[in-house]
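Read through the structure below, which is laid out as structure tokens, and then see the notes.
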Protein chains: 2
Amino acid sequence: MKKGNTRDVILHTASELFQRQGYHGTGLNQIIEKSGAPKGSLYYHFPNGKEEIAIEAIKLMGQHILESAREDLSEKDTAIEAFQHHVAKIADVFDGKACVDGLQIGLIASEMASSHESIRLVCKSAYEDWQALYTECLQRFDFETERAKELAVVINSLLEGASILAQTNESGWPLRAVAKQLPALLVH
Amino acid sequence: MKKGNTRDVILHTASELFQRQGYHGTGLNQIIEKSGAPKGSLYYHFPNGKEEIAIEAIKLMGQHILESAREDLSEKDTAIEAFQHHVAKIADVFDGKACVDGLQIGLIASEMASSHESIRLVCKSAYEDWQALYTECLQRFDFETERAKELAVVINSLLEGASILAQTNESGWPLRAVAKQLPALLVH
């Protein structure tokens, strides 16, 4: 996050609140108060209000996760090692923490997919970006395109689901259990 | 759900609303209004209010999912077939639907785990019940206890994560992608 960038400060605060309290549980006044942004600047940057803030916050979270994932996946010599490294990094973040800021769009996705089409689509697009990155990584390690795409969906499901379990358990162990089974999944 | 059981009608309505709108987005008055239950009976059955309703609703959803899963898993002759059948049944429910009633505790788990310890624990316990059932099923098909337990966590993660993707895509295809990869995961 760039320092002094009011728009990003608002988005960062909003995404933290959405993750802690859900979309409906978070009010614009609370976003203004917690971010310290002047009320006018909130309406200047987000003339369409809360829904627009949520959409931009999901985009920002999505990009942030994408960049970390890209970094994790580039550091190893096999697909199994690359994804195990990525999962282990996420597992570490969850240890002993009930709430992981900026990590998860699953909450807002499941809360809003049925009622706000625009939010559903931006979540769908974040998931597609991650899957494209996973596919690209698997192809680099000689998986065929179709299989790489299928495995990318499965890995994405594993990560989202194990993150919910990790949050519920206040521990990264469910992600480590997933990492341990990756070799079976990622055989050529 | 037993007909005429006010307590269950309230819980069913509440769990539907929690899943659509999140915990914070759902008010007691809305639960009363939508369930048609007299206000007094809500306070009679749930003297501790919304948190108590959420806890009992999660228990009810958890039991409901557990019973369907037990049925699905008992109908086939191999572990792969049993879990593929189970996943396919869930996939069918998601086709073309943005919101699946009574199916998912992931939303409330991720929304509340960080702020309400009692809700975190009841979600954790629902996940443990499902994992115990999966473990039992895998043991029946000759998986060793330790491996069965680990795989149960992985299957649970896959199902929760793929359900979020299915909801975001308004289609069961992410669950079908998961089903297709189960044979690799469930080799002896």
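When reading the values below, keep in mind they use all heavy atoms of this one structure, side chains included, and skip hydrogens, waters and symmetry mates. Reminder, nothing fancy here: chain letters follow the sequence lines and each chain counts from 1. Predicted model only: the values in this text are computed from it and were never measured.
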Checklist entry - Does A:Tyr43 share a hydrophobic cluster with A:Ile10, counting links as ILVMFWY side-chain heavy atoms below 4.5 Å and allowing steps through other members? => result yes
Give a yes or no on this: more than 12 heavy atoms of other residues, nucleotides or ligands lie within 6.0 Å of atom [atom1] of [X].
X        : atom1 : answer
A:Glu144 : CD    : no
A:Glu71  : CD    : no
A:Lys50  : NZ    : yes
A:Glu51  : CD    : yes

Next on the checklist: Once rounded to the nearest 0.5 Å, what's the spacing between atom CZ of B:Arg176 and atom CD of A:Glu150?
Outcome noted: 13.5 Å
Checklist entry - Of all of B:Leu159, B:Leu185, B:Asn169, B:Ile155, which one pairs up most often with chain A through heavy atoms under 4.5 Å apart? => result B:Asn169
Next on the checklist: Please classify the contact between A:Lys180 and chain B as side chain, backbone, both or neither, with a heavy-atom cut-off of under 4.5 Å.
Outcome noted: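 The side chain, not the backbone.
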Checklist entry - Which atoms form the tightest heavy-atom contact between A:Ile164 and B:Glu160, and what is the distance? => result CD1-OE1, 4.3 Å
Checklist entry - Which heavy atom of A:Val154 sits nearest a heavy atom of B:Gln181, and at what distance? => result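 A:Val154 and B:Gln181 have their closest heavy atoms at CG2-CG, 3.4 Å.
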Item to check | Derivation and outcome, side-chain contact (heavy atoms from CB on, under 4.5 Å), residues A:Gln131 and B:Leu165 | outcome: CA-CA 11 Å; A:Gln131 279 161 211; B:Leu165 291 181; 3.7 Å; yes
